[in-house]
A.B. asks: 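So that we are looking at the same thing, I have put the structure below in structure tokens.
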Amino acid sequence: MTPSKSITIRFPDGTERPFAKDGLLSDLLDQAKPSWKETPVAFKINGALMGLGQRLSDVPLAADSVAVEPVFFSSPEGQEIYRHSSAHIMAQAVKELFPNVKLAIGPPIEDGFYYDFDLGRPFTPEDLEKIEQRMKKIAADHHVFKRKVLSKQDALRFFEEQGETYKLELIRELPEDEIVTVYEQGPFTDLCRGPHVFSTRHVAAFKLLTAAGAYWRGDERNPMLQRIYGTSFPTQEALDAHLKRLEEIKRRDHRRLGKDLDLYNVMDEIGPGLVIWHPKGALIRKLIEDFWREQHLRHGYDFVCSPHIARLDLWKRSGHLDFYRENMYAPMSIDGIDYELKPMNCPFHIMIYKTHLRSYRDLPLRFAELGTVYRYERSGVLHGLLRVRGFTQDDAHLFCRPDQIEQEILKVLDLTVFTLKTFGFDDYEIYVSTRPEKSVGSTEHWERATAALESALKTKDMAYRIDPGEGVFYGPKIDLKIKDVLGRAWQCTTVQVDFNLPERFNLSYIGEDGKEHQPIMIHRALMGSIERFFGVLIEHYAGAFPLWLAPVQVKVLPITDQQHAYAQDVAGALIRAGFRVETDLRNEKVGLKIREAEKAKTPYMVVLGAREVQGQKLSVRKRNGENIGELEIPSFIERINNEVLNKST
RNA sequence: GCCGGCGUAGCUCAGUGGUAGAGCAGCUGAUUCGUAAUCAGCAGGUCGGUGGUUCAAUCCCACUCGCCGGCUCCA
């Protein structure tokens, strides 16, 4: 090998070796194999992601050495490549089984992949079975993913011949001089930027999960395609573990737990998206609300209350009628005047602000309300407690001077973090949503408001992403999406800076200079809505609420009716100490009583038999099966008192 | 709203063109029992709703309501 044709490659661990400049990256597998625990799905060459089927010389090689980094499935990039290749295998299988199908797009997603097809009819479960079988065959056939570079014209011609109209649409949108890459695996070729794993055989374990309709390019004016979701892993064990996790998610579904634990219900007879809270759910809600009220009193908020309906004119003035109408219910006429059910609380709080002449010394004013609002949600989007039509926001509107905005946002962020932490959430994603198409106000106002939000997040060192065009019609917002124990994200907290409603309602305060100035409003909800927050909370705890939130904290279980009197004494002592206690006096075996207390996820069970009566003690068992042993009543009370005060999770 | 699936007892689910079953829960009785199910008996449903086909519909068809999985949209 002459020096001009060879180059030194450097691996991240510092080892170096010569390699042919035009060598296939797949050859690296053999050369370095012993030091890798798993097979790389791709390589990074001087930082550029490359498939194993590519040559080293596909990237410009200026120096006489080059950095080569293996990309494994265990990395996010590796998973994307792996799932993307899986999607191609599925597309090949579908194309072979249904030759008339047209291909749309097939990207990797978190935990898997999908591919959209235009088949003219939906896929049946039997279809999915057949497709999966065919995929197994394709994987076993060991087709190498071959990358090919085409001119735009050649690519258009190729997919024209294939009748792939969706691919043509994608290619046509590329710039004229752009090169187009396709990947070929055996008889199947797909438009694709790549990279891919080396061969179909690398995709070892996969499963097709569901088929569902999806609009072409996500636009409901476009035709509906048929989407198949699937997932894949390098080993059957990893796939099985993932499927098990899906089962776990199902087990923790708040709709199932809500029923099992008798917390709430949504019934036909009442209407979709309208929640009734059963006694146990309502009790937890009360505890959440008590905590919320206490914190807001401590943090300088004033509580206000407002009605559920208001004159149409109010909503006209606020802009809701122009910009929010599709989420509002039809007006009702009362004594010849139109009224609207409220979708938001802000106009009411604004009207409270306007009842006095305000001084700069009064600001900031913080009006808080657990305000129940009603929004029309399209029938297909309703989902348990997480998406409903009537819900209660833990809402507040802060009226402040321009020089107070940032300070107020910082305080809101602090209170948010504290609140979420109290409920066991310490992992969230933060987004700043900017001006949407349908919105009110000047560009300047929007820019100032957005800058204030970003600046506060930077001060707090909270990492965030921009969500373009996702703001509310009157202002930009910070959204916190809570990540639950399973890593799923739910949008709850929202903080919105608003220059526009104060203007529309002509709000003012008298400044130091004796002149009128316009206050700025901050709309904020920390938990978002009690319904959604509760839904997330149920799943987060899998229904096993911490002691301070558990609807029944202690269950007293006498073994025979010989202990009933003592059981009632014990229960009385616990109730007097402020605990929520139930006593199970049924003529049943203690095993059954324990089983039912376990199923209800009661934190503490107190078993009372002859021994306990004799020693005037309690046998304490936790719901995780842990046996605390015998305690005196006062020491048990002390123990659970501390647990409640600490709000231990 | 759109695409598909589903709707049988309070809950979880079987089932059939000839007007329905199981387990759990409920009720009654027996059992007095030590850390996740004691036994027996009883009762419980116009098979989501409306219309159609048929001698006959819970089953087939149409419409409708709701739920589930996605799409789109949001706290």
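A quick note: this is a predicted structure, and the numbers were derived from the prediction, not measured. Only heavy atoms go into these numbers, but all of them, side chains included; no hydrogens, no water, no symmetry mates.
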A.B. asks: If only side-chain N and O atoms count, and only distance matters, is there a donor-acceptor pair under 3.5 Å linking A/Asp498 with A/His523?
C.D. replies: yes

A.B. asks: Can the positive tip of A/Arg83 be found less than 6.0 Å from the middle of the six-membered ring of A/Phe113, inside 45° of the ring normal?
C.D. replies: no

A.B. asks: With a 4.0 Å cut-off, would you call A/Glu169 and A/Lys102 a salt bridge?
C.D. replies: no

A.B. asks: In whole angstroms, how far is the P atom of B/G4 from the CD atom of A/Glu126?
C.D. replies: 15 Å

A.B. asks: Out of B/U35, B/C3, B/A37, which nucleotide sits closest to the side chain of A/Leu592?
C.D. replies: B/A37

A.B. asks: Does any non-hydrogen side-chain atom of A/Arg580 lie less than 4.5 Å from one of A/Leu283?
C.D. replies: yes

A.B. asks: Check A/Arg255 with A/Glu539, please: is the shortest side-chain N to carboxylate O separation under 4.0 Å?
C.D. replies: no

A.B. asks: Measure the distance from CD on A/Glu588 to C1' on B/C39 and round it to the nearest whole Å.
C.D. replies: 11 Å

A.B. asks: Just to be sure I understand the rule, does A/Ala597 reach a base, reach only the sugar-phosphate, or reach nothing, if contact means heavy atoms closer than 4.0 Å?
C.D. replies: nothing

A.B. asks: Can you tell me if A/Ser379 touches the phosphate of B/G1, counting only side-chain N or O atoms and a distance under 4.0 Å to OP1 or OP2?
C.D. replies: yes

A.B. asks: Remember a base hit wins even if backbone is also touched, and classify A/Asp268 as base, sugar-phosphate or nothing at under 4.0 Å, heavy atoms.
C.D. replies: sugar-phosphate

A.B. asks: Can you tell me, in whole Å, how much space there is between the P of B/G29 and that of B/G10?
C.D. replies: 24 Å

A.B. asks: Using a distance-only test with no angle check, is there a side-chain donor-acceptor pair under 3.5 angstrom linking A/Thr419 and A/Gln295?
C.D. replies: no

A.B. asks: Starting at CZ of A/Arg121 and ending at P of B/C2, how long is that distance when rounded to a whole Å?
C.D. replies: 22 Å

A.B. asks: Roughly how far apart, to the nearest Å, are B/C65 and B/U72 at atom C1'?
C.D. replies: 22 Å

A.B. asks: When you compare B/A25 with B/U58, how far apart are their C1' atoms, in angstrom units rounded to a whole number?
C.D. replies: 24 Å

A.B. asks: Just verifying a value: how many Å separate A/Met90 CE and A/Tyr229 OH, rounded to the nearest 0.5 Å?
C.D. replies: 10.5 Å

A.B. asks: Pairs counted as Watson-Crick or G-U wobble with both distances under 3.5 Å: what dot-bracket string results for RNA chain B, using | for bases tied to another strand?
C.D. replies: (((((((..((((....[..)))).(((((.......))))).....(((((..]....))))))))))))....

A.B. asks: Which value, in whole Å, describes the distance between the P atoms of nucleotides B/G21 and B/U46?
C.D. replies: 15 Å

A.B. asks: Take A/Arg586 and A/Arg595, find for each the nucleotide of RNA chain B with the closest heavy atom, and name the residue whose nucleotide sits nearer the 5' end.
C.D. replies: A/Arg586

A.B. asks: For nucleotides B/G52 and B/A57, find the distance between their P atoms and express it as a whole number of Å.
C.D. replies: 11 Å

A.B. asks: Please report, rounded to the nearest Å, how far the C1' atom of B/C33 is from the CG atom of A/Asp584.
C.D. replies: 13 Å

A.B. asks: Find the distance A/Leu585:CG to B/C33:P and express it as a whole number of Å.
C.D. replies: 17 Å

A.B. asks: Is A/Gly609 touching bases, backbone alone, or none of the nucleic acid, heavy atoms closer than 4.0 Å?
C.D. replies: base

A.B. asks: Among B/U38, B/C11, B/C67, which nucleotide sits nearest the side chain of A/Lys259?
C.D. replies: B/C11

A.B. asks: May I ask you to say what A/Ser619 touches in the nucleic acid, namely base, sugar-phosphate or nothing, with a heavy-atom cut-off under 4.0 Å?
C.D. replies: base

A.B. asks: Of the non-hydrogen atoms in A/Lys438 and A/Asp322, which two are nearest, and what is the gap between them?
C.D. replies: NZ-O, 3.8 Å

A.B. asks: If a protein heavy atom is under 4.0 Å from the base, mark B; if only from the sugar-phosphate, S; if neither, -; do that for nucleotides 69-75 of chain B going 5' to 3'.
C.D. replies: BBBBBBB

A.B. asks: Between A/Phe391, A/Trp277, A/Phe423, A/Tyr541, which is the residue that forms a ring-ring contact (aromatic ring centres under 6.0 Å, His included) with A/Phe534?
C.D. replies: A/Trp277

A.B. asks: For atom C1', what is the distance between B/A9 and B/C27, given to the nearest Å?
C.D. replies: 15 Å

A.B. asks: Does a salt bridge link A/Lys555 with A/Glu582, judged by any charged N lying under 4.0 Å from a carboxylate O?
C.D. replies: yes

A.B. asks: Roughly how far apart, to the nearest Å, are B/C24 and B/A37 at atom C1'?
C.D. replies: 10 Å

A.B. asks: Give one of base, sugar-phosphate or nothing for A/Ile594, where a contact means two heavy atoms less than 4.0 Å apart.
C.D. replies: base

A.B. asks: Round to a whole Å and report the spacing from CG of A/Asn222 to P of B/C3.
C.D. replies: 15 Å

A.B. asks: Quick check for you: among B/A25, B/C3, B/G34, whose closest atom lies nearest to any side-chain atom of A/Glu596?
C.D. replies: B/A25

A.B. asks: Specify the separation, in whole Å, of atom NE2 of A/His278 and atom P of B/C11.
C.D. replies: 11 Å

A.B. asks: Heavy atoms under 4.0 Å, any strand shown: does A/Glu269 hit a base, just sugar-phosphate, or nothing?
C.D. replies: nothing

A.B. asks: Let me see the working for A/Lys599 and A/Arg595 under side chain to side chain contact (heavy atoms under 4.5 Å, CB included), right down to the final yes or no.
C.D. replies: CA-CA 6 Å; A/Lys599 287 209 321 189; A/Arg595 176 181 155 81; 3.9 Å; yes

A.B. asks: Any donor-acceptor pair under 3.5 Å linking the side-chain atoms of A/Ser619 with those of A/Arg611?
C.D. replies: no

A.B. asks: Rounding to a whole Å, what distance do you find between A/Met605:CE and B/U35:P?
C.D. replies: 14 Å

A.B. asks: Return whichever of A/Ala610 or A/Phe123 has its heavy-atom-nearest nucleotide of RNA chain B closer to the 5' end.
C.D. replies: A/Phe123

A.B. asks: Expressed in whole Å, how much space separates the P atoms belonging to B/C55 and B/C13?
C.D. replies: 37 Å

